[in-house]
4 protein chains.
Amino acid sequence: MDTDRQTPPSALAVEPHCAAPRRGRPRSEAAEQAIFAAIERLMMEGAGLGDLTIEGIAQAAGVGKATIYRRWPNKEALLVDAVVRLETPEPELSGSSARQDLIETLEYMRRRGLDKRSRWVLMVIFHQLHSLPELKSVYYDRVIQRRRQVIRDVARRGVASGEFRADLDLDLLAEMLVGAMLVRTVLWDDSPLDDPALPVTMVDALLSGLGGPAHAAAR
Amino acid sequence: MDTDRQTPPSALAVEPHCAAPRRGRPRSEAAEQAIFAAIERLMMEGAGLGDLTIEGIAQAAGVGKATIYRRWPNKEALLVDAVVRLETPEPELSGSSARQDLIETLEYMRRRGLDKRSRWVLMVIFHQLHSLPELKSVYYDRVIQRRRQVIRDVARRGVASGEFRADLDLDLLAEMLVGAMLVRTVLWDDSPLDDPALPVTMVDALLSGLGGPAHAAAR
Amino acid sequence: MDTDRQTPPSALAVEPHCAAPRRGRPRSEAAEQAIFAAIERLMMEGAGLGDLTIEGIAQAAGVGKATIYRRWPNKEALLVDAVVRLETPEPELSGSSARQDLIETLEYMRRRGLDKRSRWVLMVIFHQLHSLPELKSVYYDRVIQRRRQVIRDVARRGVASGEFRADLDLDLLAEMLVGAMLVRTVLWDDSPLDDPALPVTMVDALLSGLGGPAHAAAR
Amino acid sequence: MDTDRQTPPSALAVEPHCAAPRRGRPRSEAAEQAIFAAIERLMMEGAGLGDLTIEGIAQAAGVGKATIYRRWPNKEALLVDAVVRLETPEPELSGSSARQDLIETLEYMRRRGLDKRSRWVLMVIFHQLHSLPELKSVYYDRVIQRRRQVIRDVARRGVASGEFRADLDLDLLAEMLVGAMLVRTVLWDDSPLDDPALPVTMVDALLSGLGGPAHAAAR
DNA sequence: CGATAACCGAGACGGTACGTCGAGTCTTGGC
DNA sequence: GCCAAGACTCGACGTACCGTCTCGGTTATCG
């Protein structure tokens, strides 16, 4: 499915509304690149969300404001597209075992949480997610669902191989792992993500259970 | 505990800067109430974060802008105080067992996630947390740390009673539970918080472990 | 007189800049007509000067903007040419007497002042005359000087025939007559141009003089 | 009449719409002065009408754009008010004779036509007169009608004293004199206004009549 | 009791960014 | 080389808020 997807996934952007034979001067690919590059540059220079202005971006990109507004209907839509574009690709899972795959996924998230760019992306997402309803569905479909599916697939294989309990609630598993990583990534930036053993610790804790003797006896 | 807490916890607010005997007309308590009431009203009418402007709030509250700026140094500080003020009080834990206390804590979070007002509060928190460093520490000290302490206390008692494993990582426990609830609360608003059994399921999953026979054998 | 005037008097227009044999597709005569027709149409629909935009004209004419800019260097030049093109031809004077010729000239101006199209032309002239120095000389040479010459010729014949005083200041005569008509045309649009006797009244007043007995005695 | 007119005649301006007891901070008189001063300065530096921008004026006046838009609804209204404000006061007429008064009036217009500031004002008037209908009536009532009345009064006295013919058409007299001056002022800026004898020449020509012996015989 | 001082609503102030529009230029494919 | 279409940069438009600053007027406490 989706084998021929070359064009990058630009949601929210204003497509030239004509259907077939495209007339007139085509939009400049260079301008688009310059815009995204300017955003990334400003962002890396420490610009917060409120510091990113359309006028500033246009200036930094050497581009007219109209060129931006021709592509996106407003500031939010632009930021959203910039954010989606900055998302790092999903990791390739080794597939040696379900436990190992979970660990690799969490390790990917851990690294992402340490990367300035990725953390900035998450900030924007969390910021705009509720003020721009369109973004919600776009990001949900394009990023979140995709990741949930990865974990879900891993878990299914784990259940089949007997690594995971048969009555496993797949969503719950995903959320407990992802949620814990998000908390450490988004809520604290002096966050304890530096420990490379974190993914192993988390996965094993979840698989082995945290209950003690009294808990085991009660079952 | 905390029996003498009458004055609301207004951090970030600008206190009248003269220390000693205070002269002149005192600040109107009514104005303060009107401001908070206006924010809540606007919020309940569906105003997003970007729709909340100082001018709008002042107008809705029938209050001069200066009256707001006399109390808070800027827009963010006001929103933060409004948010902290809307925080529901912590639940009383029954203390019958550590497991039960965890479940009650999660049940409290679940209810909170279903409440429109509380969800709006979380939105603001997530939004402003990075753009206003002051908020970060205030909210961190005042809300997050307090909750972490509650869970930590519960867990400690659980370890002592043998309900929890002795090598329990308290922070990890807290984050996996809290993180999962936050994901369901903040990221999705069609979220599956409706299931009243959710807290029990989560706690028991974490305590019993999700590993299957193959996992158990490997240990 | 002027029997060979086929090509319209297009001053300010940009001639294809290669001098010699002209190659490639020749310019579309139809496009030119469409542009002028569009301007006239928009003008008659009540468009003020500020409402006439190049983009609007191009759209209304079904023509690309470049097609306009290939012919005129800027907006003002286009309007000027459009205006000159709308100028009605000079009247044929009967020549029966100098007084009669003056009256006929004023009558022509009176009618012109009652015509919406002509009044619009005058508006544009008065507007652009100072912001576009080129227009000034073009319009001056092509329209004003021509008319002054007509009146001057008439007056000269009048002096020769004894109808006019020998010490007549020709320019002053022209300006007093023309000026009065312009005032009624340009400054007021509820203007009293409806009276068909106006030209006769004006000419006779000027010729007979407005001085009374006391004035006559003083001379 | 109008003995108590202190407040300058600011038409088109947006008056604070509250009726009686004026609340809030009053508008800064200084800002208003700075705005007008900036316009005049820019104008004297040779700015054409198209070169006068709100942003430029605000900058030159050291004033926020909003401060301008709080007073005038748009650019045109501001220019109009600036123009009306720059109008020089009417001259005091000596009243020694009707002929003399007419000459003085024309001399005033001649001088005005030689003054850069006044010519600029006339340009703006002629420009905006048709694109901004409100201006038309304001300027008409406030300037043109007033001047017509002056000439009318003079002429009436002239008729009474026998200096002017009894059947004098007052409006026609005014328009022929005023029109001729306007033509020389507005249409040509290399205009022959330098001759100080011009007013005398014009008035005497009009009073004595330009007809020659043949014309006189025909009456 | 009167002065003093800080409060109050209202709204103007200088700025900054927004999103739109037009001018004049450039770049497609097509005739 | 022209044509229609429509992108491009630039810069002004008119609007909305921000955070500050007066206004006239209202309570409090202090002297």
Side-chain angles (χ1 to χ4, degrees), chain A residues 16 18 21-28 30-31 50 52-56 58-59 62-75, chain B residues 16-18 21-28 30-31 50 52-56 58-59 61-70 72-75, chain C residues 16 18 22-28 30-31 50 52-56 58-59 61-70 72-76, chain D residues 16 18 21-28 30-31 50-59 61-75:
Chain A
C18 125
R22 295 297 293 102
R23 296 202 293 174
R25 177 175 175 177
R27 294 207 182 145
S28 160
L52 274 186
T53 67
I54 293 281
E55 300 205 322
Q59 182 122 32
V63 142
K65 275 202 304 180
T67 298
I68 295 181
Y69 281 107
R70 213 172 281 121
R71 290 168 165 76
W72 296 275
N74 51 45
K75 185 180 168 182
Chain B
H17 38 287
C18 89
R22 299 298 330 296
R23 299 205 309 159
R25 177 175 173 179
R27 289 199 185 154
S28 159
L52 274 187
T53 67
I54 292 282
E55 299 206 321
Q59 182 121 34
V63 142
K65 282 203 310 179
T67 300
I68 294 182
Y69 281 105
R70 214 172 280 122
W72 296 274
N74 50 43
K75 184 180 167 181
Chain C
C18 85
R22 302 295 329 295
R23 301 204 306 160
R25 176 173 172 180
R27 289 196 184 156
S28 158
L52 275 187
T53 66
I54 293 282
E55 299 205 321
Q59 181 120 33
V63 141
K65 282 201 316 181
T67 300
I68 293 181
Y69 280 106
R70 214 172 280 123
W72 295 275
N74 50 45
K75 182 181 169 181
E76 279 71 34
Chain D
C18 124
R22 294 298 292 104
R23 296 203 292 175
R25 179 173 172 178
R27 295 208 182 144
S28 161
D51 303 328
L52 276 187
T53 66
I54 293 279
E55 301 205 323
I57 294 169
Q59 182 121 33
V63 144
K65 277 205 299 180
T67 298
I68 294 182
Y69 282 107
R70 214 171 279 123
R71 290 168 165 76
W72 297 274
N74 50 44
K75 184 181 168 180

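Just so it is clear: chains get the letters A, B, ... in the order the sequence lines come, proteins before strands, and each one is counted from 1. Below, all heavy atoms of this structure are taken into account, side chains as well, without hydrogens, waters or symmetry copies.
- The CD1 atom of D/Ile68 sits 11.0 Å away from the NZ atom of D/Lys75 when rounded to the nearest 0.5 Å.
- In this structure, the CD1 atom of B/Ile54 is 11 Å from the P atom of F/dT20, given to the nearest Å.
- Nucleic acid contact for C/Thr53: sugar-phosphate only, since backbone atoms but no base atoms lie under 4.0 Å from a heavy atom of the residue.
- D/Thr67 has no side-chain polar atom (N or O) that falls below the 4.0 Å cut-off from OP1 or OP2 of E/dA12.
- Remark: P of E/dA12 and OH of D/Tyr69 are 17 Å apart, rounded to the nearest angstrom.
- Taking 3.5 Å as the limit, the base of F/dC23 and the side chain of D/Arg23 contain no donor-acceptor pair of atoms between them.
- Minimum interatomic distance between B/Gly64 and B/Ala58 (heavy atoms only, all atoms of both residues): C-CB, 4.3 Å.
- To the nearest 0.5 Å, the span separating CD1 on C/Ile54 from CG on C/Asn74 amounts to 8.0 Å.
- Taking all atoms of both residues into account, the shortest heavy-atom contact from A/Ser28 to A/Arg71 is O-NH2, 2.9 Å.
- Rounding to whole angstrom units, CD of residue C/Glu55 and C1' of E/dC26 are separated by 14 Å.
- If A/Leu52 and D/Val63 are placed on DNA chain E by their nearest nucleotide, the residue sitting closer to the 5' end is D/Val63.
- Computed from coordinates, the B/Arg70 CZ to F/dG19 P distance equals 16 Å when rounded to whole Å.
- Between the side chain of B/Lys75 and the base of F/dG19, no donor-acceptor pair under 3.5 Å is found.
- In this structure, the CD atom of A/Gln59 is 10 Å from the P atom of E/dA17, given to the nearest Å.
- A/Arg25 contributes a side-chain N or O that forms a donor-acceptor pair with the base of E/dC26 under 3.5 Å.
- Spacing between atom CD1 of B/Ile68 and atom P of F/dC17 amounts to 13 Å, rounded to whole angstrom units.
- Contacts of C/Ala58 with the nucleic acid, taken as non-hydrogen atoms under 4.0 Å apart, are absent.
- When each of F/dC18, E/dG24, F/dC13 is scored by its nearest atom to the side-chain atoms of C/Lys65, the top-ranked nucleotide is E/dG24.
- When each of B/Ala66 and D/Gly64 is assigned the nucleotide of DNA chain E with its nearest heavy atom, B/Ala66 is the one assigned upstream, toward the 5' end.
- For the pair B/Arg27 CZ and E/dA6 C1', the interatomic distance rounds to 9 Å; values are reported in whole Å.
- Between C/Ser28 and D/Pro26, the residue anchored nearer the 5' end of DNA chain F, judged by the nucleotide with its closest heavy atom, is C/Ser28.
- Within the 3.5 Å criterion, the main-chain N or O of A/Arg27 finds no donor-acceptor partner in the side chain of A/Arg70.
- Heavy atoms of A/Gly62 sit under 4.0 angstrom from primed sugar atoms or phosphate atoms, though from no base atom.
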